[in-house]
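What follows is a short report on a single structure.
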Amino acid sequence: QVQVAESGGGLVQAGGSLRLSCTASGLSFVDYPMGWFRQAPGKEREGVSCISGRGAFTYYTDSVKGRFTISRDNAKNTLYLQMNSLKPEDTAMYYCAASNRYTSYSTPRNPTDYEYWGQGTQVTVSS
């Protein structure tokens with residue numbers, strides 16, 4: 001049984017930093033592209049960043065480029081999202097997801113590309 005779990009969210013002032021972590025079990029982690037998504041109240045879930053199985057390829061949505069960094073430690077089955085220079089508009093529930101629908105070299109960007117999801121971790125950025 002595949003399980004995905006996020007941690008590291010919290011309340012931070014604008015300009016601050018947070019690091020989200022996501023652990024996955026029940027799968028061959030290195031074979032799965034992984035992604036971070038977020039959903040604010042009243043809005044659709046959007047892709048934030050994704051990374052290929054061995055970490056060679058990454059993708060960032062335009063609004064987080066230069067501020068967020070995605071990485072993974074395949075030995076620990078863990079995905080990370082380092083978030084710097086946070087803005088109030090980054091406030092959302094952040095979700096981690098694993099995709100088994102594409103090759104490990106892929107960076108799928110849509111929520112529908114992902115099968116396994118965590119419960120989410122709340123990030124709130126105050127102005």
Side-chain angles (χ1 to χ4, degrees):
Q1 181 180 0
V2 176
Q3 292 186 321
V4 178
E6 308 90 342
S7 62
L11 173 63
V12 64
Q13 289 188 330
S17 297
L18 283 174
R19 188 175 83 156
L20 305 184
S21 298
C22 168
T23 57
S25 61
L27 50 74
S28 178
F29 189 71
V30 68
D31 292 331
Y32 284 71
M34 299 290 295
W36 286 102
F37 296 81
R38 66 187 180 187
Q39 188 166 18
K43 295 188 177 181
E44 292 186 353
R45 190 169 297 190
E46 66 166 342
V48 175
S49 182
C50 56
I51 188 168
S52 59
R54 296 190 182 276
F57 305 105
T58 59
Y59 163 81
Y60 298 92
T61 194
D62 286 345
S63 62
V64 308
K65 284 180 181 177
R67 300 189 297 123
F68 291 10
T69 302
I70 192 170
S71 62
R72 63 192 295 162
D73 185 337
N74 288 338
K76 297 181 178 179
N77 280 24
T78 302
L79 176 73
Y80 302 100
L81 185 68
Q82 178 66 44
M83 305 186 296
N84 298 329
S85 302
L86 282 161
K87 303 175 181 180
E89 51 263 44
D90 295 316
T91 295
M93 185 71 77
Y94 282 71
Y95 298 90
C96 168
S99 174
N100 69 342
R101 300 175 185 175
Y102 293 85
T103 70
S104 64
Y105 296 100
S106 303
T107 52
R109 304 172 185 185
N110 296 313
T112 54
D113 295 331
Y114 290 78
E115 181 170 17
Y116 303 112
W117 291 83
Q119 294 299 309
T121 186
Q122 179 67 38
V123 171
T124 302
V125 184
S126 64
S127 57

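Side-chain atoms are counted along with the backbone in the values below, which use heavy atoms only and exclude waters and symmetry mates.
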Side chains of residues 17-34: which donor-acceptor partners sit under 3.5 Å, not counting sequence neighbours?
unit_1: Ser17; atom_1: OG; unit_2: Asn84; atom_2: OD1; d: 2.9
unit_1: Ser28; atom_1: OG; unit_2: Asp31; atom_2: OD2; d: 2.9

Would Lys65 and Asp62 pass as an ion pair if we require N to O under 4.0 Å?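 Result for this pair is yes, salt bridge flagged.
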Exceeds 12 heavy-atom contacts within 6.0 angstrom, atom CZ of Arg101: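 Counting other residues, nucleotides and ligands, CZ of Arg101 exceeds 12 neighbours.
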Nearest 0.5 Å, please: how far is CD in Glu89 from OG in Ser63?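 Here the rounded value is 8.5 Å.
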Roughly how far, to the nearest 0.5 Å, is the CZ atom of Arg72 from the CZ atom of Arg54?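 Atom-to-atom, Arg54:CZ and Arg72:CZ are 9.5 Å apart.
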So which heavy atom on Tyr94 is nearest to which on Met83, and how close?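 Closest approach of Tyr94 to Met83: CE2-SD, 3.9 Å.
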Can you name the ring-ring contact (aromatic ring centres under 6.0 Å, His included) partners of Tyr95, sequence neighbours left out?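 Checked Tyr95 against ring-ring contact (aromatic ring centres under 6.0 Å, His included); zero matches.
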Take Phe68 and Asp90 through the test side-chain contact (heavy atoms from CB on, under 4.5 Å) and record every step on the way to the result. CA-CA 11 Å; Phe68 291 10; Asp90 295 316; 3.9 Å; yes
If hydrophobic clusters are built by linking Ile, Leu, Val, Met, Phe, Trp and Tyr wherever their side-chain heavy atoms come under 4.5 Å apart, do Leu86 and Met93 end up in the same one?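 Per the 4.5 Å side-chain linkage, Leu86 and Met93 are not co-clustered.
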same_hphob_cluster(Phe57, Phe37) at 4.5 Å side-chain heavy-atom cutoff: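 They do not share one cluster, since no chain of ILVMFWY contacts under 4.5 Å joins Phe57 to Phe37.
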Backbone N or O of Ala75 within a donor-acceptor pair of the Asp73 side chain at under 3.5 Å?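 The answer is yes, because a donor-acceptor pair under 3.5 Å joins these two groups.
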Ignoring hydrogens and angles, write down the donor-acceptor pairs under 3.5 Å from the side chains of residues 116-127, residues two or more places apart or on other chains.
unit_1: Trp117; atom_1: NE1; unit_2: Tyr114; atom_2: O; d: 3.3
unit_1: Thr121; atom_1: OG1; unit_2: Gly9; atom_2: N; d: 3.0
unit_1: Gln122; atom_1: NE2; unit_2: Ala92; atom_2: O; d: 3.4
unit_1: Gln122; atom_1: NE2; unit_2: Thr124; atom_2: OG1; d: 3.4

Starting from Tyr80, walk the hydrophobic network (Ile, Leu, Val, Met, Phe, Trp, Tyr; side-chain heavy atoms closer than 4.5 Å) and list everyone else you reach, by chain and number.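 Same cluster as Tyr80: nobody, lone residue.
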Given the rule in the side-chain contact (heavy atoms from CB on, under 4.5 Å) test, do Thr69 and Leu81 qualify, once you have shown the distances and angles that lead to the verdict? CA-CA 6 Å; Thr69 302; Leu81 185 68; over 6 Å; no
Verdict with reasoning, Ile51 to Leu79, per side-chain contact (heavy atoms from CB on, under 4.5 Å): CA-CA 9 Å; Ile51 188 168; Leu79 176 73; 3.6 Å; yes
What salt bridge (charged side-chain N to carboxylate O under 4.0 Å, His left out) pairs are there with at least one residue in residues 103-124, not counting sequence neighbours?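 Sorted result for residues 103-124: empty, none.
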Identify each donor-acceptor pair in which a side-chain atom of residues 41-50 lies under 3.5 Å from a protein atom, sequence neighbours left out, and give them as a table.
unit_1: Arg45; atom_1: NE; unit_2: Gln39; atom_2: OE1; d: 3.3
unit_1: Arg45; atom_1: NH2; unit_2: Gln39; atom_2: OE1; d: 3.4
unit_1: Glu46; atom_1: OE2; unit_2: Arg38; atom_2: NE; d: 2.6
unit_1: Glu46; atom_1: OE2; unit_2: Arg38; atom_2: NH2; d: 3.2
unit_1: Ser49; atom_1: OG; unit_2: Tyr59; atom_2: O; d: 2.8

